[in-house]
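What follows is one structure encoded as structure tokens, with my remarks underneath.
Each chain gets a letter, A, B and so on, in the order its sequence line appears, and its residues count up from 1. The analysis underlying the following values was restricted to heavy atoms, covering all of them including side chains, and did not include hydrogens, waters or symmetry mates.
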Number of protein chains: 2
Amino acid sequence: MTVTLADVAARAQVSPATVSRVLNGNYPVAASTRERVLRAVDELDYVLNGPASALAAATSDLVGILVNDIADPFFGIMASAIQSEIGGPGGRAGGERLAVVCNTGGSPERELTYLTLLQRQRAAAVVLTGGAMENAPHAAAVASKLRKLADAGTRVVLCGRPPASDTGAIALTFDNRGGGRELTEHLIGLGHRRLGYIAGPEERTTTRHRLEGHRAALEAHGIEEDPRWTVYGRYDRQSGYEATLELLRRDPSLTAVVAANDSVALGACAALRDSGLRIPEDVSVAGFDDLPFSIDAVPALTTVRLPLSEAGARAGRIAMGREEPPPGGIATIRGELMVRGSSGGPRE
Amino acid sequence: MTVTLADVAARAQVSPATVSRVLNGNYPVAASTRERVLRAVDELDYVLNGPASALAAATSDLVGILVNDIADPFFGIMASAIQSEIGGPGGRAGGERLAVVCNTGGSPERELTYLTLLQRQRAAAVVLTGGAMENAPHAAAVASKLRKLADAGTRVVLCGRPPASDTGAIALTFDNRGGGRELTEHLIGLGHRRLGYIAGPEERTTTRHRLEGHRAALEAHGIEEDPRWTVYGRYDRQSGYEATLELLRRDPSLTAVVAANDSVALGACAALRDSGLRIPEDVSVAGFDDLPFSIDAVPALTTVRLPLSEAGARAGRIAMGREEPPPGGIATIRGELMVRGSSGGPRE
DNA sequence: AGCGTCACAGCAAGCGCTTTCTATGCGATA
DNA sequence: TATCGCATAGAAAGCGCTTGCTGTGACGCT
């Protein structure tokens, strides 16, 4: 049988209550007693029973982090930053919390199921990262779930995700629209007039916002967009590769390709090269996010840097109640245009 | 107050026991009764209390995944694969399990603390990924912890980590030594005789094994290694950049640089280019792991592909008891040499 | 000396669920 | 028709911990 609190109490010749108090350090215990208890704990190799303590105390030390794709550094970086603030072992004082990274794979159902699972575990906080699905019924379901979580005392923070009104959730949102617009304006400024756009999956807020920014820039400069210039895909390299070939097929006269994110942009570069086109002499390419590898592309990728680490850290702190939420519960985080070698003036 | 099992029972006019049985589906319940209960659950919006049920049933649906750096795709990819097999929502039948990804940051203490936390939560299984620290006392502490976990019924699986003898842990190990050797032999075969090596952090099994493979290749071909040719660093791009400059300073006549992993290799490429050297005409570069972005480097990176996804999936299945452990509890997974553009014959 | 005040420590009542054991009603069997 | 077995449902005893409340000496106060 495993060792219980009572065993430790017996060995230390005190009551279970005292052992509990020593372990939680939230009640005065004489130094000599404490020491005796600690020794017993050590000798018996006692490990607290988490579920039992969570049940009795009606609190848990679990913090949920929902990501769309943990294999994507975009989420990995945010998750890492959040977790480092959550505490976990090595964190600052206070209870040690267990960060639970949940991989939804971009599926609405899994997102919902994970939220229920976290609710079931009475999680102390939940951080949702990245874009949300725009499917209406699902959005409503998520919103209602978030509200319930918040009502139950779970702190809910959205990081890099648009605000969910009326849910009591704090939102740190990326200005995807602004970034997208700035990026395209940079290209237009270089003289481009025929721009392809490789979007992410439809029905994702991130996808829509970036695309809206792109179109706003076109419109602001009186460029009429050709519907053939937009292709939807996934947020990965292969999708960028295929979409670029498709774009080239539809209109070989394009002089620039704007991608939904950096991975897609890398795929685009590969496709262009394989098609015998030079970057940026023949076609300029731009990405989004500025992930670590983007600077290593050749030529280095022009992109919009999102402060993933900083945003994640802040979300983590807010989730832990260690930082004031922004006024109104909403903060918009802007990206920064990084002009690098992959963008240049259009060919003749 | 939150809704409890008893509330549901009252509403459905049955005993709490029956509700529990309906929810767990592990005991015959008349269809009509079941339906009544389910309706009550729905109407009351009832959510099971995880800790309470874990306490009573003495089991938990948590599965821990320990990674050194979640922001690194190497771990992200494995974690993703493991998690997809763990089930979680969307997984196949059986209890829904919550995968807990724990980021140790490569710190021995955090690793240990996380293991204790998981032990406290009575985790159903634990998967440790990536190389282990070679610090003797720490290794012993981890081993003893793993043994205790195993004794307590937690399934322990090592993925991409050397076997921990006498702990009852199943190990899926990468053949880092073999891969390192093959890689260097490829370079030697091309004619290189002066090879720099950028290693990872010292006291890591992965670092040591890859380096040993490299040295074995040199020795097998009668090349005497110059101590100046090895530099230790971290497993990231920046480290690769700096180490390469250092290598170049120490011996400008090197014709090839072998890096501890792909990120490091990318940093090395950048440093070489910034130093005015062409790849592979002036210096060949090789990485390890074959992460998705490695093929996008220009020239594409010669490296050793590790089947991260497959290994992770297998580890996940074993952790869930859905696949037989390998005979002896140990399986070695070989990497595959990927020869690409970044390696070529040495310059004059 | 008498009494209020502390600083500790223990008692015992749960926290919300699972599960063993014990009814109970019914059709099947002899 | 009496008996047995089966399919269901309930009663109740925990699971291992936390915590409000209740002692109980030792001290300091008037």
Check whether any side-chain N or O of B:Arg11 sits under 3.5 Å from a backbone N or O of B:Ala6 as a donor-acceptor pair, and report yes or no.
no

Length of the line joining A:Asn49:CG and D:dG16:C1', which is rounded to integer Å:
6 Å

When you compare the side chains of A:Thr18 and A:Ser15, does any donor N or O come within less than 3.5 Å of an acceptor on the partner?
yes

For A:Leu66, is there any backbone N or O sitting under 3.5 Å from a side-chain donor or acceptor partner on A:Thr129?
yes

Given side-chain hydrogen bond (donor to acceptor under 3.5 Å, both in side chains), test A:Gln119 with A:Lys145 step by step and report yes or no.
CA-CA 9 Å; A:Gln119 182 183 10; A:Lys145 200 59 142 183; 3.1 Å; yes

What integer distance in Å separates B:Leu5:CG from C:dC17:P?
4 Å

Please work out which residues in residues 7-27 of chain A have a non-hydrogen atom less than 4.0 Å from an atom of DNA chain D and list them by number.
A:Ala17, A:Ser20, A:Arg21, A:Asn24, A:Asn26, A:Tyr27

Just wondering, do A:Thr113 and A:Leu115 contact through their side chains at under 4.5 Å, heavy atoms?
no

Rounded to whole angstroms, how far apart are CG on B:Leu55 and P on D:dC15?
9 Å

In whole Å, what is the span from the CG atom of B:Leu48 to the P atom of C:dC17?
6 Å

Minimum side-chain heavy-atom gap B:Val19-B:Arg34 below 4.5 Å
no

By a strict heavy-atom criterion of less than 4.0 Å, which residues belonging to residues 29-41 of chain A are in contact with DNA chain D?
none

Ionic contact status for A:Arg314 with A:Glu323, cut-off 4.0 Å:
yes

Check: A:Asn26 main-chain N/O paired with A:Asn24 side-chain donor or acceptor under 3.5 Å:
no

Detail all sub-3.5 Å separations between protein N/O atoms and N/O atoms belonging to nucleotides 26-28 of chain D.
none

Heavy atoms, side chains only, cut-off 4.5 Å: are B:Asn49 and B:Pro51 in contact?
yes

Can you tell if the side chain of A:Leu158 reaches within under 4.5 Å of the side chain of A:Ile170, non-hydrogen atoms only?
no

